[in-house]
Amino acid sequence: DDGSVEPWTVNGASFGQFPWVYPYNPDCSLKPTLTFNAEGYPTTTNNFLYDAQYNYNSIRNQQLFGSLKVNYDITDWLTASTTNSFTLSNGKNESYTDARTYYGYIFNANGALSTNTTYENSVLTSNLLTFHKTWGNHSLRALVGQEFQTTTDETTGINVDDIKPGYHVISVAQHLG
């Protein structure tokens, strides 16, 4: 196999590379890059198996939701009710591209680290006072309501590059942004 292929897509995707491109050297170590012919032209791209040793994208999310509804009969003709909801959401996405990999060198200025943290909470309260009184053939109904909502949303992100290979720490980067 000389690595020649005319796949319909080759942009670093495994289905565009295999089985035409062998990702290993003769000594069975992984090749850092893959070179093959695509649509009649020599193409060099990443070896995703090699990159997987170093690069990562870590996503962590947490979400908590609670709701409480309370009805209270003050009298047989007056009822108070409240519905309260709370949502808390936290997330962190960290992406590291090592300088030893194809994309870490070519596109990310000798390695890159990106960290994004999000925090969101939301509170909603709905309160009702219901009046219902009957006198003989007559009745009176009234409804008074109040609703309040607040949402806090905070996102913090930092991108750094020119990181010493193997160090996944923002403070060792040479460039911010």
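Just so you know, these numbers use all the heavy atoms, side chains as well, and skip hydrogens, waters and symmetry mates. Just so you know, these numbers come straight off a predicted model, no measurement behind them. In this chain, numbering begins with 1 at the start of the sequence shown.
Formation of a donor-acceptor pair under 3.5 Å by the N55 side chain with backbone atoms of D98 is found in this model. In terms of modelled atom types and a separation under 3.5 Å, the side chain of N46 and the main chain of Y102 share no donor-acceptor contact. Panel note: side chain Y22, backbone L34; no donor-acceptor pair is recorded below 3.5 Å. A donor-acceptor pair under 3.5 Å is formed between the side chain of N47 and the backbone N or O of K31.
Within 6.0 Å of the CG atom in D27, the count of heavy atoms belonging to other residues, nucleotides or ligands exceeds 12.
Qualifying ring-ring contact (aromatic ring centres under 6.0 Å, His included) partners for F131, counting only residues two or more places apart in sequence or in other chains: W77. Under the rule for a side chain to side chain contact (heavy atoms under 4.5 Å, CB included), the partners of K164 that lie at least two apart in sequence or sit in another chain are Y167.
Side-chain contact annotation: T155 with T118, donor-acceptor N/O pair under 3.5 Å absent. No hydrogens or angles considered: nothing links the side chains of S95 and N93 as a donor-acceptor pair under 3.5 Å. Counted by atom type alone, T79 and D73 present one or more donor-acceptor pairs between their side chains at under 3.5 Å. Looking at T134 and S139, their side chains never bring a donor and an acceptor atom within 3.5 Å of each other.
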- After noting the C-alpha distance and the side-chain angles of T151 and D153, does the key distance pass the side-chain hydrogen bond (donor to acceptor under 3.5 Å, both in side chains) rule? CA-CA 7 Å; T151 300; D153 188 3; over 6 Å; no
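Distance check: Q62 CD to N90 CG gives 5.5 Å after rounding to the nearest 0.5 Å.
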